[in-house]
Amino acid sequence: PCACDRVFCSVACKAAALAAYHRPLCSAAGGRAVAGLEADAKNTLAATSRFILLMWKLLGAAMVYAQATGTPLRPPPDVAPYCHLARVTDWATPTSGEAHPLYVVALPMIRACTQLRDLAGMRSEPVLSVEWVCDAAAMLSVNSMALQSSTPTAIEQRGQVLMGAGSFFNHSCVPNMKETSNMGTTGTTVTFTTARAVKKGEELTISYVSQDAPVAVRRVALQHQYGFTCTCPKCVAETLAAPPPAADEKPTVPLMMMLF
């Protein structure tokens, strides 16, 4: 148990959380701030609904950094290592047709700005403006990962994680790495292992979408969530080999590929 309503799996886990992000926000809202955020997150199936929980931890981490270094509070996404992560807006160009305006990316998150500041008692803090929520949403949408479960866990109860090194893997439809997680047995741990022999100097990649989906479905899903068109060898080869689509034909992306 903690001074707030959070319960940790071990003493070591609690100590790590306090040191990384939890200590500055432990007593917020009478120690029940996270419970309120969790209740809101359960209102929708979309994984983006859990972004506010990750934003809360980002805020705590930024406060820990400011206190440890004796520097002013910075917008949470500007603190290492998160400042080095890609944003969904990074690939947009004026003529690419792939633009992802921040207000569109963060539209479900706008209310979160006021909610987070109020819960933390920092409503007048200038660096916690709506811009940091937009930036955080643009970062989380392409770097967070849903935790899997071997038990029939409802989608809205699955965890959403943002990692340091684990969030830096680029995508390929023929990846040489695979990730595994199981909330029921290993909690929030995500394990990355090689899927085949890897040459010295070869980039390590994972697949952001189902490798078995048709190329058109993969590309639409990647464009929708991550803002880029995949040009990996598999996509290029399958596109060249595929018959041209009918004029009114549009690829259908399964619901599970669109939840994030």
Side-chain angles (χ1 to χ4, degrees), residues 8-10 12-22 41 46-62 64-65 75-91 105 109 135-150 153 155 157-211 218 221-222 224-228 230 232 256-257 259-260:
F8 296 91
C9 63
S10 66
C13 179
K14 176 183 176 181
L18 286 169
Y21 66 87
H22 186 64
T48 49
S49 67
R50 270 93 77 199
F51 281 4
I52 192 170
L53 296 169
L54 291 174
M55 289 179 182
W56 181 255
K57 292 184 177 182
L58 286 172
L59 175 57
V64 167
Y65 178 85
D78 291 347
V79 177
Y82 312 111
C83 57
H84 303 298
L85 293 173
R87 272 63 167 161
V88 71
T89 50
D90 288 349
W91 298 277
V105 174
M109 301 290 113
D135 191 29
M139 175 185 67
L140 292 171
S141 64
V142 294
N143 292 291
S144 62
M145 182 182 296
L147 293 170
Q148 303 305 312
S149 177
S150 58
T153 304
I155 294 174
Q157 293 177 330
R158 291 183 185 176
Q160 195 80 6
V161 295
L162 178 68
M163 296 165 282
S167 290
F168 282 96
F169 287 110
N170 281 328
H171 163 81
S172 174
C173 294
V174 283
N176 53 25
M177 298 281 288
K178 61 181 179 179
E179 72 279 357
T180 56
S181 60
N182 190 325
M183 289 182 62
T185 58
T186 56
T188 59
T189 299
V190 180
T191 302
F192 295 89
T193 54
T194 52
R196 57 173 174 79
V198 179
K199 297 179 181 178
K200 182 179 180 179
E202 180 182 353
E203 181 184 10
L204 299 177
T205 58
I206 61 174
S207 181
Y208 298 169
V209 296
S210 172
Q211 303 168 55
R218 297 198 307 270
L222 290 167
H224 172 81
Q225 183 179 346
Y226 298 96
F228 68 88
C230 184
C232 73
M256 284 302 294
M257 294 181 70
L259 286 177
F260 306 104

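Below, each value reflects all heavy atoms present in this structure, side chains not excepted, and no hydrogens, waters or symmetry copies.
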Nearest heavy-atom neighbours spanning G164 and P81: CA-CG, 4.5 Å

Give the table of side-chain donor-acceptor pairs shorter than 3.5 Å for residues 192-201, with sequence neighbours excluded, one pair per line with atom names and distance.
from	atom 1	to	atom 2	distance (Å)
R196	NH1	E202	OE2	3.2
R196	NH2	E202	OE2	2.8

Which atom of M183 lies closest to which atom of L147, heavy atoms considered: CG-CB, 3.6 Å

Pairwise distance CE(M163) to OG(S144) - rounded to 0.5 angstrom: 8.5 Å

Rounded distance (nearest 0.5 Å) linking atom CG of N176 with atom CG of L204: 5.5 Å

V209 versus A221, closest heavy-atom pair with distance: CG1-CB, 3.9 Å

Rounded distance [0.5 Å steps], OG in S141 versus CD in Q225: 7.0 Å

Taking every non-hydrogen atom, the tightest pair across A19 and V64: O-CG1, 3.3 Å

Partner set under side chain to side chain contact (heavy atoms under 4.5 Å, CB included) for A17, not counting sequence neighbours: F8, Y21, H22

Y82 vs P76 side-chain heavy atoms within contact, under 4.5 Å: no

Contact check, side chains of R218 and C173, non-hydrogen atoms, under 4.5 Å: yes

Gap between atom CG of L54 and atom CD of Q160 - 0.5 Å precision: 6.5 Å

Any donor-acceptor N/O pair, S167 side chain to N143 backbone, under 3.5 Å: yes

Atom pair OG/OH of S172 and Y208 - distance to nearest 0.5 Å: 10.0 Å

F169/E179 under side chain to side chain contact (heavy atoms under 4.5 Å, CB included): CA gap, chis, key distance, verdict: CA-CA 11 Å; F169 287 110; E179 72 279 357; over 6 Å; no

Heavy-atom side-chain contact between D135 and R87 under 4.5 Å: yes

Shortest non-hydrogen contact between I206 and M177, atoms and distance: CG2-CB, 3.8 Å

Side-chain touch T191/T186, heavy atoms, less than 4.5 angstrom: no

Interatomic distance, M139 atom CE to M55 atom CE [nearest 0.5 angstrom]: 8.0 Å

